[in-house]
Amino acid sequence: MRGETCVAVATFFSFTSVLLLIFAHVGQINTSSVPRKLHMVQVNVTNYGIALNAATGIASPGLYVDNASLPLGQRLGLRQLYAWGLYGYCTYEDAQLSGAQCGNHSFATTFTPMDVILSDTPDPYKVPWVTLVPNFSGFKNSATLANMTRAAFYFLFIGTLFAGAALITGVIKHKVTFIISSASSILGTIFLLIGSAVWTAAIGQAESINRIAVGVQTLPVSSHDILTSDAWVSPGSAY
């Protein structure tokens, strides 16, 4: 097979990679039709009120907001869904993604669900929320999750730059650019693999919350999940 053919095939895959990475980077940057459907991880707190009542007998009026336009992070009430992208998070009122609102966006944002949910939890429910989530749960270890997802972001970001460089230099027919394209492709693959692995590990650690149930009774036997996480790595970050 001629060298030009090999480079052409590699360039096609580089283009596909860059396209998928663009989708990964735009996830949750705003609430328009495409970004709102893309996320690195989504946390569903719909069952938390039920779990709180089952564990403590405390009713939960005012636990969730009844006005989606209220600002985030002011302890005014929980939203049903919290979804994180690479640059920030957004909240939604239901599975149809209505009542959307996004928090502050920043470069190399971190995934710290415990802190974010606590910032929306009204003061009367702050102590029960902290108590219900065990200290051994990875979900509660915000410092570790922040360090992991911050590092993963930089690996993914640098990998994206290498993928872009591989695409650009791959279309220029010259021996030197072919070499640069090949090197960029190799380095991009390494960085993307590491970034994806670290993000996946962070999600796995946070998912430990799914195995915690409260309010277990003997007759009849029943239990209620504190919350659930629908965790998946967006297209482009799973290479």
Note to self: Looking at Y64, I want to see if its OH is surrounded by more than 12 non-hydrogen atoms of other residues, nucleotides or ligands under 6.0 Å.
What the structure shows: yes
Next item on the list: For atom CG of N67, decide whether the heavy atoms of other residues, nucleotides or ligands shown that lie under 6.0 angstrom number more than 12.
Entry: yes
Item checked: For F157, all residues meeting side-chain contact (heavy atoms from CB on, under 4.5 Å), sequence neighbours excluded -> H25, Y87, F107, F153, L161
Item checked: Non-neighbouring partners of V116 that pass side-chain contact (heavy atoms from CB on, under 4.5 Å), sequence neighbours left out -> Y82, W84, Y89, T112
Would you compute the distance between atom [atom1] of [X] and atom [atom2] of [Y] and round it to the nearest 0.5 angstrom?
X	Y	atom1	atom2	value
I22	T160	CD1	OG1	9.0 Å
L38	I29	CG	CD1	9.5 Å
R36	Y92	CZ	OH	6.0 Å
R75	D120	CZ	CG	9.0 Å
F162	I186	CZ	CD1	11.0 Å
T91	L72	OG1	CG	4.5 Å

Considering all heavy atoms of both residues, which atom of [X] and which atom of [Y] are nearest to each other, and what is their separation?
X	Y	answer
Q205	N141	NE2-CB, 3.9 Å
A163	L21	CB-CD1, 4.0 Å
L145	A202	CD2-O, 3.4 Å
G88	H105	CA-CD2, 3.7 Å
L81	D94	CD1-O, 3.2 Å
T149	T110	OG1-CA, 3.6 Å

Next item on the list: Examine the side chains of Q80 and T46 and answer whether a donor and an acceptor come within less than 3.5 Å of each other.
Entry: yes
Can [Y] be reached from [X] by stepping across I, L, V, M, F, W or Y side chains whose heavy atoms are under 4.5 Å apart?
X	Y	result
L76	L78	no
L70	L63	no
I180	F12	no
F13	I168	no
V18	V34	yes

Notebook entry, point to check: Would you say S185's side chain and S181's backbone share a donor-acceptor pair under 3.5 angstrom?
Noted result: no
Notebook entry, point to check: Could you walk me through whether I209 and V43 pass the side chain to side chain contact (heavy atoms under 4.5 Å, CB included) check?
Noted result: CA-CA 10 Å; I209 193 72; V43 177; over 6 Å; no
Check: Listed by chain and number, what are the salt bridge (charged side-chain N to carboxylate O under 4.0 Å, His left out) partners of R150, not counting sequence neighbours?
Finding: none
Item checked: W129 and Y48 aromatic centres sub-6.0 Å -> yes
Check: For L118 and K126, what are the C-alpha separation, side-chain angles and deciding distance, and is it a side chain to side chain contact (heavy atoms under 4.5 Å, CB included)?
Finding: CA-CA 7 Å; L118 189 60; K126 178 181 177 181; 3.7 Å; yes
Note to self: Is any side-chain heavy atom of Y154 closer than 4.5 Å to one of V198?
What the structure shows: no
Check: Does some side-chain heavy atom of P113 sit less than 4.5 Å from a side-chain heavy atom of V41?
Finding: no
Note to self: Using the rule given for side chain to side chain contact (heavy atoms under 4.5 Å, CB included), can you reason through M40 versus F111, listing the C-alpha separation, both sets of side-chain angles and the distance that settles it, and then say yes or no?
What the structure shows: CA-CA 9 Å; M40 300 297 285; F111 172 54; over 6 Å; no
Checklist line | Full working for side chain to side chain contact (heavy atoms under 4.5 Å, CB included) between V65 and E93 | finding: CA-CA 9 Å; V65 295; E93 287 302 292; 3.7 Å; yes
